[in-house]
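Below is one structure, written out as structure tokens, with a few remarks after it.
Along the sequence shown, the residues carry numbers beginning at 1.
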Amino acid sequence: MSRFYITTAIDYANGDPHLGHAYEKVGADVIARWRRLRGDQVWFLIGMDEHGQKVAQTAADRGLSPQALTDLVAERFQAMWRILGISHDQFIRTTAEAHKKGVQELIELIFQRNPDDFYEKSYAGNYCVGCESFKAEAEIVDGKCVLHPTRTLEWVEERNWFFRLSRYQQFLEKLFADRPDFLGPESRRNEILGLLKEGLEDISASRSRFSWGVPFPRPTSDGEQQSTYVWFDALPNYWTGTRVPGVGSAWPAQLHVVGKDITRFHCVIWPAMLESAGLQLPEKVWAHGFIYLGGERFSKSAGVKLELSEAIERFGPDPFRFYLIREVPWETDGNFSWERFAELYNAELANGLGNLASRVLAMVEKYREGVVPSGTLATLEDAGDRAVEQYAARMDGLDLKGGIEAALGLVSEANLAIQHAAPWALAKDPAKGGELDQVLGGLCRALVRLALMFSPVMPVKAQELWTALGQAGEVSKTPWSRAAAPEVAGSRVTKPEGLFPRPEPGVKS
Ligand SMILES: [Zn+2]
């Protein structure tokens, strides 16, 4: 059994969860659930980034204290993750005392190990509160941050603690040369390599006139107590989370899942901080793309909105999870469309998997008194073996869409097998009872494999199918080896209550 500590980006506590947040959490959840299924000892961390000027401003605008705002927002995010079935083991909040103490300890480790890595410097530049970072000229268009065109840039002049990121240029070049898998996908890796070629500049590690943050552990030479710059506070959550008593994770993480807009922070600044503090680096960073609606990115600041709860309610949480992972490749951008959602739901869930399950179980009920006969179908055994093998390889390689496609391939094969074998015709001829056993037995074996393969992406529906197949316990806790040997003969089946009902007439889809 190997250890698998997986994290997602922590979300800014200044608004409600949107589709972009959901996409990242669902994707990481599918990976975490897959890893548990294949037998890894998984720890899955998500949480909230609750400090920074942006949060303080939002709280002030709403007449709340920053803590009251973040308490409210954290509860809304957690409620959404419950609806979506996110199976995290730990929810970290950067306002928690243990985290704040951890950040200070990490900074102290750097001071002790590499005292020259922090130095004081006066600085002036255009600061984007949306990004919580200073912007270079190239990132400013018409006087605004390219990522936050609705926000006004602030001209900031202050004396801060700086982190000597430039010292880690060679270290990072070597990291990317020695460990080509450190950052995926390839396109994101090329971006960081390009960034390294331009040369690294030192970064601010504290803010002066601003207090909603973790106190920077050492005052400046003129005695000013500053607060830790928000990225120096946020990134360490992956490490501070492991130091909470009783948690089951240990540093380093096997996988950081983040959005492609914060790759630089995770693949340049974070490794440099860890190296400076003498801590191990994470094994891998995965930068997923964005989901767009009509070509625009979902985000509060850009004003592109879709009610997440409406999107989930339309077909239910499991089909929503399926749609996100099936439609948007885990390595590039994708588009959300209601038309496509309805099309995939009808074709692949209602008419595909759902119809397959209900036909097979109804025939076992009708022709074999509800008991799965012993028997296999050669073509379906081959297709099943292939699907299971492909599925595992693709899921291990973080090709989540490809994993689902492997499972869907077996659904098609099984539906074809029904057409070819015409079990209803076999049932009419008593001499063909053995043949009918083979067909029904083979189809039920395929359904066992499908319940296992779909359980990371549609945990509730997969469990319904599992139970309908007469299998005891939880499909998610079944050893993955069962997918290679899907024995099911003798099980007593029941008919599931319509796994994927077609939308009622009149429901817009
Ligand atoms: Zn910005």
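Between the OG1 atom of Thr7 and the NE2 atom of His88 there is a distance of 13.5 Å, given to the nearest 0.5 Å. In this structure, OG on Ser412 lies 8.0 Å from CD on Glu348, to the nearest 0.5 angstrom. Lys54 contributes atom NZ, which lies 8.0 Å from atom OG1 of Thr58 (distance to the nearest 0.5 angstrom). Remark: Leu361 CG to Leu469 CG distance equals 5.5 Å, nearest 0.5 Å. Between Arg314 atom CZ and Ser309 atom OG the span is 11.5 Å, to the nearest 0.5 Å. Atom CG of residue Leu37 and atom CD of residue Glu474 lie 12.0 Å apart, to the nearest 0.5 angstrom.
Residues Arg93 and Ile10 have side chains not in contact (no heavy-atom distance under 4.5 Å, counting atoms from C-beta outward). Side chains of His51 and Val214 form a contact here, defined as non-hydrogen atoms less than 4.5 Å apart. Side-chain contact between Phe44 and Ile46 is present, with heavy atoms from C-beta onward closer than 4.5 Å. You'll find the side chain of Val372 stays beyond 4.5 Å of the side chain of Leu440, heavy atoms only. Between Ile92 and Met48, the closest side-chain pair of non-hydrogen atoms is not below 4.5 Å. Under the 4.5 Å side-chain criterion, counting only non-hydrogen atoms from C-beta, Leu398 is in contact with Leu255. Between Asp437 and Ser374 there is no side-chain heavy-atom pair separated by less than 4.5 Å. When side chains are defined from C-beta on, His288 does not count as touching Lys260, because their heavy atoms never get closer than 4.5 Å.
Put simply, the side chain of Arg82 never gets that close to the backbone of Phe77: no donor and acceptor are under 3.5 Å apart. Here the side chain of Ser455 pairs no donor or acceptor atom with the backbone of Ser476 at under 3.5 angstrom. Here the side chain of Thr242 pairs no donor or acceptor atom with the backbone of Tyr238 at under 3.5 angstrom. Between the side chain of Arg35 and the main chain of Gln41, no donor-acceptor pair closer than 3.5 Å is present. Listed for the Asp40 side chain is no donor-acceptor partner under 3.5 Å among the backbone atoms of Val42. Asp49 places no side-chain N or O within donor-acceptor distance of the main-chain N or O of Ala234, the cut-off being under 3.5 Å. The backbone N or O of Tyr5 sits less than 3.5 Å from a side-chain atom of Gln254, completing a donor-acceptor pair. No donor-acceptor pair closer than 3.5 Å links the side chain of Gln90 to the backbone N or O of Val247. The main-chain N or O of Gly259 is never found under 3.5 Å from a side-chain atom of Trp286 such that the two would form a donor-acceptor pair. Proximity of a side-chain donor or acceptor of Arg321 to a complementary backbone N or O of Val457 within less than 3.5 Å is detected.
Under 3.5 Å, the side chains of Thr467 and Gln463 contain a donor-acceptor pair of N or O atoms. Side chains of Arg502 and Asn351: a donor on one and an acceptor on the other come within 3.5 Å.
A salt bridge links Asp29 to Arg33: at least one charged side-chain nitrogen sits closer than 4.0 Å to a carboxylate oxygen. Taking 4.0 Å as the cut-off between side-chain N and carboxylate O, Lys25 and Asp11 count as a salt-bridged pair. Between Glu365 and Arg492, at least one side-chain nitrogen of the basic residue sits less than 4.0 Å from a carboxylate oxygen of the acidic one, meeting the salt-bridge criterion. Between Arg36 and Asp89, at least one side-chain N (NZ, or NE/NH1/NH2) sits under 4.0 Å from a carboxylate O, which counts as a salt bridge. Checked for salt-bridge contact, Glu487 and Arg445 meet the test: a charged N lies under 4.0 Å from a carboxylate O. Contact check on Arg188 versus Glu191 returns a salt bridge, with a Lys/Arg side-chain nitrogen under 4.0 Å from an Asp/Glu carboxylate oxygen. Comment: Glu381 engages Arg449 in a salt bridge, judged by a side-chain N to carboxylate O separation of less than 4.0 angstrom. A salt bridge does not link Glu389 with Arg386: every distance from a Lys NZ or Arg NE/NH1/NH2 to an Asp or Glu carboxylate oxygen is 4.0 Å or more. Under the 4.0 Å criterion applied to side-chain N and carboxylate O atoms, Arg394 and Asp396 are not assigned as salt-bridge partners. The pair Glu405-Arg326 meets the salt-bridge criterion, with a side-chain N (NZ, NE, NH1 or NH2) lying under 4.0 Å from an Asp/Glu carboxylate O.
A distance below 6.0 Å separates the ring centres of Trp480 and Trp34. For Phe315 and Trp338, the distance between ring centers is not under 6.0 angstrom.
Smallest separation of non-hydrogen atoms from Pro282 and Pro252: CA-CB, 4.2 Å. Of all heavy-atom pairs spanning Glu24 and Ala9, the tightest one is OE2-N, 3.1 Å. Taking all atoms of both residues into account, the shortest heavy-atom contact from Ala357 to Leu499 is CB-CD1, 3.9 Å.
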Check the pair His99 / Thr94 against side chain to side chain donor-acceptor pair (under 3.5 Å), numbers first and verdict last.
-> CA-CA 6 Å; His99 171 75; Thr94 57; 5.0 Å; no
Chi angles and distances behind the side chain to side chain donor-acceptor pair (under 3.5 Å) call for Gln438, Thr376 = CA-CA 5 Å; Gln438 287 182 338; Thr376 59; over 6 Å; no
Run the side-chain contact (heavy atoms from CB on, under 4.5 Å) check on Val388 and Leu452 step by step: do they pass?
-> CA-CA 9 Å; Val388 163; Leu452 283 159; over 6 Å; no
For Val360 and Ile418, what are the C-alpha separation, side-chain angles and deciding distance, and is it a side-chain contact (heavy atoms from CB on, under 4.5 Å)?
-> CA-CA 9 Å; Val360 170; Ile418 297 180; 3.9 Å; yes
Could you please spell out the steps behind the side chain to side chain donor-acceptor pair (under 3.5 Å) verdict for Asp71 and Gln67?
-> CA-CA 6 Å; Asp71 288 349; Gln67 188 65 59; 3.0 Å; yes
Please test Trp239 against Trp270 for side-chain contact (heavy atoms from CB on, under 4.5 Å), starting from the C-alpha separation and ending with a verdict.
-> CA-CA 11 Å; Trp239 176 73; Trp270 181 224; 4.1 Å; yes
Please assess Leu410 against Leu450 for the test side-chain contact (heavy atoms from CB on, under 4.5 Å), listing each intermediate value before the final yes or no.
-> CA-CA 8 Å; Leu410 183 56; Leu450 288 169; 4.0 Å; yes
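Classification of the Phe336-Tyr323 ring pair by plane angle, with boundaries at 30° and 60°, yields perpendicular.
A cation-pi arrangement is absent between Lys284 and Phe182 under the rule of less than 6.0 angstrom and at most 45 degrees off the ring axis. Remark: Lys461 fails to qualify as a cation-pi partner of Phe454 under the 6.0 Å distance and 45° angle criteria applied to the six-membered ring. Judged by a 6.0 Å distance limit and a 45° cone about the ring axis, Arg3 is not positioned over the six-membered ring of Trp43.
Atom CD of Glu369 sits in a sparse spot, with 12 or fewer heavy atoms from other residues, nucleotides or ligands closer than 6.0 Å. For NZ of Lys432, the number of neighbouring non-hydrogen atoms (other residues, nucleotides, ligands) closer than 6.0 Å is 12 at most.
Across Leu175, Leu172, Thr263, a single residue satisfies side-chain contact (heavy atoms from CB on, under 4.5 Å) together with Ile192, and that is Thr263.
Among residues at least two apart or in separate chains, there is no ring pair (Phe, Tyr, Trp, His ring centres under 6.0 Å) pair with a member in residues 395-431.
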